[in-house]
Amino acid sequence: MMTRNELITRLESPLGELSDDRELFAEAAAVRDRTIGRRVYLRGLIELSNRCRKNCLYCGIRSGMDGVGRYELTDEQVFAAVQRAWRAGYGSVVLQAGERVDEAFVGRVERLVRRIKRLSDGALGITLSLGEQAPQTYRRWFEAGAHRYLLRIEASSPELYRRIHPADHSYRERLHSLRVLREVGYQVGTGVMIGLPFQRVEDLADDLLFFKESDIDMCGMGPYIEAPGTPLAACSSLWTRAERLQLALRMIALLRLLMPDINIAATTALHALHPRGRELGVEAGANVLMPNLTPEEGRGEYRLYDDKPMEDTDLRGFDAVLENVWGDSPHFAARLRSSSSGSSADGSEK
Ligand code: 5AD
Ligand code: SF4
């Protein structure tokens with residue numbers, strides 16, 4: 001196990017040429033190939049809505065942002081996207097949206113999850129990425145059939161978290177949500193942004209140790225990219241965008257070495273900074289890609305990044321797993337076997 005100092009040393013070595021990190025990336029990819037195989041899991045991402053009650057200082061769809069065309073997919077649009085995913089052979093979809101906690105929203109998600117399950121005879125895996133919710137809500141959605149949940153901690157340092165969020169956004173509540181999700185039985189994914197203003201390499205090393213200590217099942221992290229018009233865009237980062245990309249790839253590789261059997265996503269933010277960003281993520285040890293299946297006509301004008309069509313992603317040499325495999329991380333199966341609580345997800349063996 002790498003120590004904090006070793007992590008810091010590897011993160012702070014000079015940035016510049018990606019090829020200088022070739023050995024680290026190759027080592028991480030080899031660890032992935034040995035533990036989960038030379039395999040990439042594909043999840044279809046469906047962005048239900050960009051309405052959000054939160055006001056995170058870095059986010060282009062924060063509630064305080066004027067001039068953002070807000071959209072919400074209709075049920076028909078959601079099912080059309082799900083059907084496309086299903087026909088294309090995806091084993092799993094991710095439902096993502098800004099955070100809302102009103103009953104209209106909670107109930108709608110619950111119904112959508114049930115109907116997606118029914119539509120696929122229970123075979124389509126469902127991951128949710130819908131922010132902080134009441135324990136009862138997490139339970140309702142789990143019982144409806146969702147089995148994974150993504151909730152990024154964004155920054156594991158409470159101090160840094162405080163600086164990139166408004167005063168009423170609580171680090172403790174976020175941590176608490178992550179704990180509840182686990183208790184309910186979800187496979188839990190979290191992640192951070194890399195290259196934030198006020199962030200230092202020590203914070204990034206601590207993020208990695210946080211993932212390890214939290215015993216997470218999945219991780220999605222990517223470079224921070226200034227969103228025009230947000231408060232944080234006026235603050236400077238220690239790193240250029242190119243450096244953030246390189247740091248993000250180092251983070252993926254180091255996490256793979258620390259946690260060989262978890263699912264690690266190559267995020268769209270990587271691609272936003274490099275035309276081969278997602279492929280580079282996979283070469284550095286990631287094993288999950290989430291092609292965006294949100295219909296254009298529903299999305300309106302607003303997009304955080306310009307998503308590249310999946311067809312452009314070069315996965316030669318990889319076993320791209322679409323076929324009715326949920327792609328649960330082996331880590332999750334091991335966690336269930338070793339836990340005596342018995343609150344197991346029914347998806348664990350699929
Ligand atoms: N740059 C990079 N990532 C961002 N996110 C939000 N805003 C930005 C940004 N400006 C990420 C957050 C959030 C995820 C959905 O998008 O980590 O959890
Ligand atoms: Fe909302 Fe998520 Fe953006 Fe925060 S990061 S404002 S919770 S969509």
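Residues take their numbers from the sequence shown, with the count starting at 1. In what follows, every heavy atom counts, from backbone to side chain, and hydrogens, waters and symmetry copies are set aside. When a ligand or atom number is given, it counts from 1 through the structure's own listing order.
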Throw together a table of side-chain donor-acceptor distances under 3.5 angstrom for residues 122-131, partners on residues two or more places apart or in other chains.
unit_1 : atom_1 : unit_2 : atom_2 : d
Thr127 : OG1    : Arg148 : NH1    : 3.1
Ser129 : OG     : Gln96  : NE2    : 3.0

For residues 7-19, tabulate all N or O donor-acceptor pairs below 3.5 Å that involve a side-chain atom, not counting sequence neighbours.
unit_1 : atom_1 : unit_2 : atom_2 : d
Thr9   : OG1    : Asn5   : O      : 2.8
Ser13  : OG     : Arg250 : NH1    : 3.4
Ser13  : OG     : Arg250 : NH2    : 3.4

Practice item. Give the atoms of ligand 1, by number and element, whose distance to some non-hydrogen atom of Pro223 is under 4.0 Å. Key: 2 (C)
Review point. Under 4.0 angstrom from atom 7 (S) of ligand 2, is there any protein heavy atom?
Key: yes
Check your understanding: Can a salt bridge be assigned to the pair Asp75 and Arg111 using a cut-off of 4.0 Å between side-chain N and carboxylate O?
Key -> no
Check your understanding: Taking atom types as modelled, is there a side-chain donor on Asn263 or Asp217 under 3.5 Å from an acceptor on the other?
Key -> no
Review point. Using a distance threshold of 2.8 Å, what protein N/O/S atoms lie below it relative to atom 3 (Fe) of ligand 2?
Key: Cys59 SG
Review point. Do any nitrogen or oxygen atoms of Ile225 lie less than 3.5 angstrom from nitrogen or oxygen atoms of ligand 1?
Key: yes
Practice item. For residues Asp207 and Ile153, determine if any side-chain heavy atom of one lies less than 4.5 Å from a side-chain heavy atom of the other. Key: no
Review point. Would you say Leu280 and His274 make side-chain contact, with heavy atoms under 4.5 Å?
Key: yes
Exercise for review: With heavy atoms under 4.0 Å as the rule, classify the contact between Cys56 and ligand 1 as side chain, backbone, both or neither.
Suggested key: neither
Review point. Near Met193, which atoms of ligand 1 are under 4.0 Å from a heavy atom of that residue?
Key: 2 (C), 3 (N), 4 (C), 5 (N), 8 (C), 17 (O)
Study note, to complete from the structure: Note: Glu154, heavy atoms under 4.0 Å from ligand 1, region reported as side chain
Practice item. Inspect the contact between Glu202 and Arg4 and indicate whether a charged nitrogen and a carboxylate oxygen are less than 4.0 angstrom apart. Key: no
Exercise for review: Give a yes or no on whether a salt bridge exists between Arg179 and Glu183, defined as a side-chain N under 4.0 angstrom from a carboxylate O.
Suggested key: no
Exercise for review: Kindly state each residue pair satisfying salt bridge (charged side-chain N to carboxylate O under 4.0 Å, His left out) with at least one member in residues 190-199, sequence neighbours excluded.
Suggested key: none
Exercise for review: Would you check the N or O atoms of Tyr224, main chain and side chain alike, for any that come under 3.5 Å of an N or O of ligand 1?
Suggested key: no
Practice item. Nearest heavy atom to atom 16 (O) of ligand 1 wins, so pick from Arg152, Gln96, Arg62. Key: Arg152
Exercise for review: Quick one: sort the Trp141 and Tyr149 rings into parallel, tilted or perpendicular, breaks at 30° and 60°.
Suggested key: parallel
